Amino acid sequence: MKSKSLLSLLSAALLLPFALSCGQKIECSVPAHIEDGRIVLETPPREKGQQSALLMRCEPLDTVRIGIIGVGMRGRSAITRLSRIDGARIAAICDIKSECIEKAERILERQGCTGVRVYGGDGGWKELCAAEDVNLVYICTDWKKHTLMAVHAMQQGKHVAVEVPAAMSIAECWDLVNTCEKTRRHCMMLENCVYDFYEMSALNMAQQGLFGDIYHVEGAYIHNLDHYWTEYQDNWRLEYNRDHRGDNYPTHGIGPVCQVLDIHRGDRMDYLVSQDSDSFHGSAVAKELMGSEEFADGDHTVTLIRTVKGRQIEIQHNVYAARPYSRMYSITGTKGYASKYPNRSLAVGDDPERFAAPEKVDSLLEAYKFDFVREIEDKAREVGGHGGMDYIMDYRLVRALREGLPLDQDVYDAAEWSCLTELSELSIRYGSLPVAVPDFTRGEWDVIDGFRY
């Protein structure tokens with residue numbers, strides 16, 4: 001009986017691509033079809049007058065005048081950081097909740113920020129985007145509104161910084177890319193983990209060849225959110241997980257390792273396969289907090305990605321785990337290895353099969369700090385924001401806008417790192433079928449020779 005059941009499952013798995021190719025509709029936010037055993041999503045043509053945003057430069061700004069939409073937890077933290085950066089001024093804030101506005105105003109007063117306009121109500125964010133004295137819109141709302149607000153802000157002639165993920169579907173990813181290319185306004189996703197001190201030193205080591213040829217990298221977001229679920233307005237985050245399978249929060253894990261592999265700067269993600277567990281703890285939490293009888297998101301999701309140049313990326317997601325926090329960051333190469341969790345570790349040099357002593361790890365991390373990190377590290381740690389990486393992220397953004405430089409994270413990063421949300425859901429929905437990762441650069445992924453700060 002068991003053998004017959006196993007045979008039936010194997011037969012169904014083998015026949016799945018054929019069955020789909022014979023007419024089953026692919027449920028996706030953009031047109032998709034089966035090709036050579038993979039789900040392939042159609043790439044929209046670049047419209048007339050639209051041009052690549054690779055290494056895009058814009059007119060330098062004397063002062064970056066910032067309008068913040070959403071002054072809840074993340075927005076209020078942004079006020080504290082941005083008010084400490086030379087050449088940046090908070091010009092306006094917006095929120096639909098008066099208590100959030102009141103808390104933000106107290107922070108503004110403590111930070112010595114004056115003349116800050118306040119917008120409220122359902123349409124207040126559009127008024128902020130239209131304000132003539134705002135040139136950067138900084139979006140800290142729930143993620144379902146990220147793309148809507150970012151696109152509108154760019155259409156109003158504003159640069160955009162948008163919290164993670166920047167988009168929740170492939171259609172939204174293309175909306176961000178196309179609007180940036182049309183308006184020539186920057187769109188940066190606020191992925192702070194690429195500015196973690198360990199990740200930046202490890203990136204420099206990788207770029208200097210310390211690990212040899214890198215062929216496997218790992219990243220994750222493993223964080224039990226039991227203490228935070230009720231902090232999300234109207235339960236928006238748990239509600240989204242109730243309705244969607246897959247990796248709903250991929251960017252903390254994928255961002256740093258994409259920089260290591262020069263994604264769309266010499267290599268690109270080719271295709272992925274995802275699988276999840278059943279929901280054990282997540283469904284129980286949703287039933288307790290929302291009365292939900294059904295819950296889509298598996299407790300643990302794993303996504304494997306292969307790049308065009310034959311490297312492998314492993315990404316995991318779990319916000320229900322009874323285990324310590326981890327971003328699972330690691331690099332494996334022909335000459336060495338680096339990992340951050342559970343301990344900062346390096347295995348390089350003459351004996352890469354043994355972990356270096358802690359003092360040697362500290363010495364290497366110090367030796368491979370980028371120069372700009374040395375310059376601002378003390379202030380970053382003082383101002384804070386996840387140990388200082390949030391401040392570095394904001395500092396780098398403001399500096400690029402003031403000097404007319406390309407951003408560290410461009411709109412293609414925002415799309416590539418966010419697209420795993422829908423792609424992983426697609427793969428799981430169709431029996432872990434491979435899904436081709438869209439090329440948001442439309443064929444220009446190898447024009448730039450490597451990621452560089």
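When a residue number appears, it is its place in the shown sequence, counting from 1. Keep in mind that this is a model prediction, so the values were computed, not measured. Because only heavy atoms are used, hydrogens play no part in the values below, and waters and symmetry mates are left out as well, while side chains stay in.
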Can you tell me if Ser292 uses its side chain to pair, donor with acceptor, with the backbone of Glu294 under 3.5 Å? no

Is it true that, when you exclude Gln275 itself, more than 12 heavy atoms of the residues, nucleotides or ligands shown sit nearer than 6.0 Å to its CD? no

So, the side chain of Asn235 versus the backbone of Glu239: is there a donor-acceptor pair under 3.5 Å, distance only? no

Closest heavy-atom pair, Arg84 versus Lys379, reported as atoms and distance to 0.1 Å, is O-NZ, 2.7 Å

Determine whether the aromatic ring centres of residues Trp143 and Tyr249 are separated by less than 6.0 angstrom. yes

Pair Glu199 + Arg327, salt bridge at N-O below 4.0 Å: yes

Would Asp410 and Arg265 count as a salt bridge (charged side-chain N to carboxylate O under 4.0 Å, His left out) here? Give the steps. CA-CA 11 Å; Asp410 62 20; Arg265 300 168 178 89; 3.7 Å; yes

Under a plain distance cut-off of 3.5 Å, with no hydrogens placed, do Glu314 and Gln316 share a side-chain donor-acceptor pair? yes

List in chain and number order the residues that pass salt bridge (Lys or Arg N to Asp or Glu O under 4.0 Å) with Asp95, two or more places apart in sequence or in another chain; answer none if no residue qualifies. none

Is there a side-chain contact between Leu261 and Phe451 in this structure, where contact means two heavy atoms from C-beta onward sitting under 4.5 Å apart? no

Derivation and outcome, ring pair (Phe, Tyr, Trp, His ring centres under 6.0 Å), residues Phe440 and Trp174: CA-CA 7 Å; Phe440 294 101; Trp174 281 117; 4.8 Å; yes

Cation over ring face, Arg344 and Tyr329, 6.0 Å, 45°: no

Check the orientation of Trp229 and Tyr232. Use parallel for under 30°, tilted for 30 to 60°, and perpendicular for over 60°. tilted

Looking at every heavy atom in both Gly385 and Arg81, which two are closest together, and how far apart are they? CA-CD, 4.4 Å

Do Lys145 and Ile139 make a side-chain contact, defined as non-hydrogen atoms from C-beta onward lying under 4.5 Å apart? no

Applying side chain to side chain contact (heavy atoms under 4.5 Å, CB included), name anything that partners Val273, two or more places apart in sequence or on another chain. Ser427, Ser432, Pro434

Ignoring hydrogens and geometry, is there a side-chain-to-backbone donor-acceptor pair from Ser277 to His300 under 3.5 Å? yes

Check whether any side-chain heavy atom of Asn343 lies under 4.5 Å from a side-chain heavy atom of Phe355, and answer yes or no. no

Run the salt-bridge test on Arg245 and Asp297 with the 4.0 Å N-O cut-off and return the result as yes or no. no

So, His317 side chain and Thr301 main chain: donor-acceptor pair closer than 3.5 Å or not? no

Polar side-chain atom of Lys158 near backbone of Gln156 as donor-acceptor pair, under 3.5 Å: yes

